[in-house]
Amino acid sequence: GVYTELIMKSNGDSIHWQNIQLYTFGIIVNIIRLTYDDIAAAFHNGFWTYTLLNGYTLRSWLVVFNLAMSGLIVSFVMKY
(Lines give C-alpha, C1' and ligand atoms only; values in the text may rest on other atoms or scores of the structure.)
Protein backbone atom coordinates (compact mmCIF):
# COMPACT_ATOMS: atom_id res chain seq x y z
CA GLY A 1 0.00 0.00 0.00
CA VAL A 2 2.69 2.50 0.97
CA TYR A 3 4.85 1.65 -2.05
CA THR A 4 1.86 2.02 -4.38
CA GLU A 5 1.08 5.42 -2.87
CA LEU A 6 4.73 6.48 -3.36
CA ILE A 7 4.64 5.47 -7.01
CA MET A 8 1.35 7.28 -7.64
CA LYS A 9 2.47 10.48 -5.98
CA SER A 10 5.94 10.56 -7.57
CA ASN A 11 4.48 10.02 -11.03
CA GLY A 12 3.59 13.25 -12.83
CA ASP A 13 0.62 11.75 -14.66
CA SER A 14 -2.88 12.96 -13.91
CA ILE A 15 -5.14 10.80 -11.79
CA HIS A 16 -7.49 10.41 -14.75
CA TRP A 17 -4.75 8.98 -16.96
CA GLN A 18 -3.68 6.58 -14.21
CA ASN A 19 -7.28 5.39 -13.81
CA ILE A 20 -7.58 4.87 -17.57
CA GLN A 21 -4.44 2.72 -17.53
CA LEU A 22 -5.67 0.60 -14.62
CA TYR A 23 -9.20 0.11 -15.98
CA THR A 24 -7.94 -0.70 -19.49
CA PHE A 25 -5.76 -3.48 -18.09
CA GLY A 26 -8.73 -4.83 -16.11
CA ILE A 27 -11.02 -4.73 -19.15
CA ILE A 28 -8.54 -6.63 -21.31
CA VAL A 29 -8.00 -9.35 -18.70
CA ASN A 30 -11.75 -9.77 -18.16
CA ILE A 31 -12.53 -9.94 -21.89
CA ILE A 32 -9.93 -12.68 -22.31
CA ARG A 33 -11.35 -14.63 -19.36
CA LEU A 34 -14.97 -14.29 -20.47
CA THR A 35 -14.12 -15.41 -23.99
CA TYR A 36 -12.15 -18.38 -22.65
CA ASP A 37 -15.08 -19.42 -20.45
CA ASP A 38 -17.46 -19.21 -23.42
CA ILE A 39 -15.19 -21.34 -25.59
CA ALA A 40 -14.79 -23.90 -22.79
CA ALA A 41 -18.60 -24.10 -22.40
CA ALA A 42 -19.06 -24.39 -26.19
CA PHE A 43 -21.12 -21.18 -26.18
CA HIS A 44 -23.95 -22.99 -24.37
CA ASN A 45 -25.52 -19.72 -23.15
CA GLY A 46 -24.44 -17.64 -26.15
CA PHE A 47 -21.50 -15.29 -26.50
CA TRP A 48 -20.73 -13.32 -23.33
CA THR A 49 -21.67 -9.97 -24.89
CA TYR A 50 -25.30 -11.14 -25.14
CA THR A 51 -25.55 -12.43 -21.57
CA LEU A 52 -23.32 -9.94 -19.76
CA LEU A 53 -26.04 -7.92 -18.01
CA ASN A 54 -28.66 -10.62 -17.51
CA GLY A 55 -30.16 -10.45 -14.02
CA TYR A 56 -29.07 -6.90 -13.18
CA THR A 57 -31.66 -5.07 -11.10
CA LEU A 58 -31.74 -1.54 -9.76
CA ARG A 59 -30.06 -2.77 -6.58
CA SER A 60 -27.28 -4.37 -8.65
CA TRP A 61 -26.67 -1.13 -10.54
CA LEU A 62 -26.55 0.82 -7.27
CA VAL A 63 -23.93 -1.56 -5.89
CA VAL A 64 -21.86 -1.22 -9.07
CA PHE A 65 -22.13 2.57 -8.93
CA ASN A 66 -21.22 2.63 -5.23
CA LEU A 67 -18.13 0.46 -5.75
CA ALA A 68 -17.03 2.53 -8.75
CA MET A 69 -17.28 5.76 -6.76
CA SER A 70 -15.46 4.17 -3.82
CA GLY A 71 -12.62 3.17 -6.13
CA LEU A 72 -12.35 6.68 -7.54
CA ILE A 73 -12.33 8.20 -4.05
CA VAL A 74 -9.58 5.81 -2.90
CA SER A 75 -7.46 6.61 -5.95
CA PHE A 76 -7.95 10.34 -5.34
CA VAL A 77 -6.92 9.99 -1.67
CA MET A 78 -3.84 7.95 -2.60
CA LYS A 79 -2.83 10.46 -5.28
CA TYR A 80 -3.21 13.54 -3.07
Side-chain angles (χ1 to χ4, degrees):
V2 174
Y3 182 68
T4 304
E5 188 173 353
L6 174 69
I7 290 173
M8 288 183 72
K9 287 184 178 178
S10 63
N11 191 348
D13 293 339
S14 74
I15 192 165
H16 303 295
W17 175 243
Q18 290 176 349
N19 281 334
I20 289 170
Q21 290 173 327
L22 289 172
Y23 287 120
T24 301
F25 176 76
I27 288 169
I28 291 169
V29 169
N30 283 302
I31 286 174
I32 291 170
R33 179 60 193 206
L34 287 168
T35 304
Y36 173 78
D37 287 345
D38 275 350
I39 292 170
F43 300 99
H44 178 67
N45 295 324
F47 195 58
W48 64 267
T49 55
Y50 299 119
T51 59
L52 184 64
L53 301 177
N54 285 355
Y56 271 55
T57 62
L58 177 61
R59 183 178 293 176
S60 302
W61 283 111
L62 290 174
V63 169
V64 168
F65 179 76
N66 185 23
L67 292 173
M69 291 299 108
S70 298
L72 290 173
I73 290 170
V74 167
S75 66
F76 182 79
V77 167
M78 287 182 70
K79 179 71 176 177
Y80 302 106

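Below, each value reflects all heavy atoms present in this structure, side chains not excepted, and no hydrogens, waters or symmetry copies.
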Calculate, to the nearest 0.5 Å, the distance between atoms [atom1] and [atom2] belonging to [X] and [Y] respectively.
{"X": "L34", "Y": "Y36", "atom1": "CG", "atom2": "OH", "answer": "13.0 Å"}
{"X": "F43", "Y": "I39", "atom1": "CZ", "atom2": "CD1", "answer": "5.0 Å"}
{"X": "L62", "Y": "L67", "atom1": "CG", "atom2": "CG", "answer": "11.0 Å"}
{"X": "N30", "Y": "D37", "atom1": "CG", "atom2": "CG", "answer": "10.5 Å"}

Subject >> Heavy-atom check, side chain of Q21 versus side chain of F25, under 4.5 Å >> reply: no
Subject >> N66 side chain reached by S70 side chain, heavy atoms, under 4.5 Å >> reply: yes
**OP:** Under 4.5 Å between side-chain heavy atoms, chaining through other members, with only Ile, Leu, Val, Met, Phe, Trp and Tyr counted: pull out the rest of the cluster around L72, sorted by chain and number.
**Re:** Y23, F65, M69
**OP:** Would you mind telling me which of I28, T35, V29 makes a side chain to side chain contact (heavy atoms under 4.5 Å, CB included) with I32?
**Re:** I28
**OP:** Grab the two heavy atoms, one from S60 and one from G55, that are nearest each other, plus how far apart they are.
**Re:**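 Closest approach of S60 to G55, heavy atoms only: OG-O, 4.2 Å.
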